[in-house]
*Asks:* 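Please find one structure pasted underneath; my questions will follow.
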Amino acid sequence: MSDDEKVRRTAATAIHQIYGYKLPPDQEGALIDQVKQELEKDPAKRAQIISSMDEILKREW
């Protein structure tokens with residue numbers, strides 16, 4: 001999974017926690033993109049997200 005995908009999935013998780021899965025697809029996608037853009041503006045936050053996702057992905061299920 002690329003670093004961009006990790007940040008996007010984090011943004012999607014945030015949107016789904018707030019709105020569930022009831023938004024129209026176009027509105028959901030737009031909100032995910034907006035959150036992703038905000039996360040991308042803060043290099044420290046982006047690095048933290050990537051690091052956290054890497055740790056999660058390393059775990060054995």
Side-chain angles (χ1 to χ4, degrees):
M1 180 182 313
S2 72
D3 289 350
D4 284 340
E5 184 63 21
K6 291 171 189 168
V7 176
R8 180 168 177 70
R9 287 184 186 218
T10 300
T13 298
I15 294 302
H16 292 142
Q17 285 180 335
I18 295 168
Y19 298 103
Y21 292 87
K22 299 178 182 179
L23 294 173
D26 57 329
Q27 186 178 9
E28 179 182 280
L31 286 172
I32 290 169
D33 289 342
Q34 287 176 355
V35 171
K36 182 179 180 286
Q37 288 174 6
E38 289 301 312
L39 294 172
E40 294 281 356
K41 288 181 182 178
D42 185 342
K45 187 169 298 249
R46 183 179 191 277
Q48 181 181 16
I49 289 167
I50 292 166
S51 176
S52 295
M53 288 288 283
D54 287 341
E55 288 300 315
I56 290 168
L57 293 170
K58 284 181 191 175
R59 294 181 187 162
E60 292 186 34
W61 300 97

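No hydrogens, no waters, no symmetry mates; every other heavy atom, side chains included, goes into these values. Positions are given from 1, in the same order as the sequence printed here.
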*Asks:* Is Arg46 salt-bridged to Asp4, cutoff N-O under 4.0 Å?
*Replies:*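 Between Asp4 and Arg46 there is a salt bridge, with a charged N closer than 4.0 Å to a carboxylate O.
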*Asks:* What residue among Lys58, Lys6, Glu5 forms side chain to side chain contact (heavy atoms under 4.5 Å, CB included) with Met53?
*Replies:*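 Testing each of Lys58, Lys6, Glu5 against Met53, the sole residue satisfying side chain to side chain contact (heavy atoms under 4.5 Å, CB included) is Lys6.
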*Asks:* Rounded to the nearest 0.5 Å, how far does CD1 of Ile15 lie from CG of Asp33?
*Replies:*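 Here the interatomic distance stands at 10.0 Å.
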*Asks:* Tyr21 and Val35: same hydrophobic cluster, using ILVMFWY side-chain contacts below 4.5 Å?
*Replies:*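 They do not share one cluster, since no chain of ILVMFWY contacts under 4.5 Å joins Tyr21 to Val35.
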*Asks:* Any chance you could measure Met1, atom CE, to Asp54, atom CG, to the nearest 0.5 Å?
*Replies:*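 Here the interatomic distance stands at 9.5 Å.
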*Asks:* Got Ser52 and Glu55 here, is their nearest side-chain heavy-atom distance under 4.5 Å?
*Replies:*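 A side-chain contact under 4.5 Å is absent here.
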*Asks:* State plainly whether the residues Lys36 and Glu40 are in salt-bridge range, i.e. N to O under 4.0 Å.
*Replies:*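 So Lys36 pairs with Glu40 through a salt bridge.
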*Asks:* Please round to the nearest 0.5 Å and tell me the distance separating atom CD of Gln48 and atom NZ of Lys45.
*Replies:*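 Going from the CD atom of Gln48 to the NZ atom of Lys45 covers 7.0 Å.
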*Asks:* Atom OG1 of Thr10 and atom CG of Leu39: how far apart are they, to the nearest 0.5 Å?
*Replies:*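 These two atoms lie 7.0 Å from each other.
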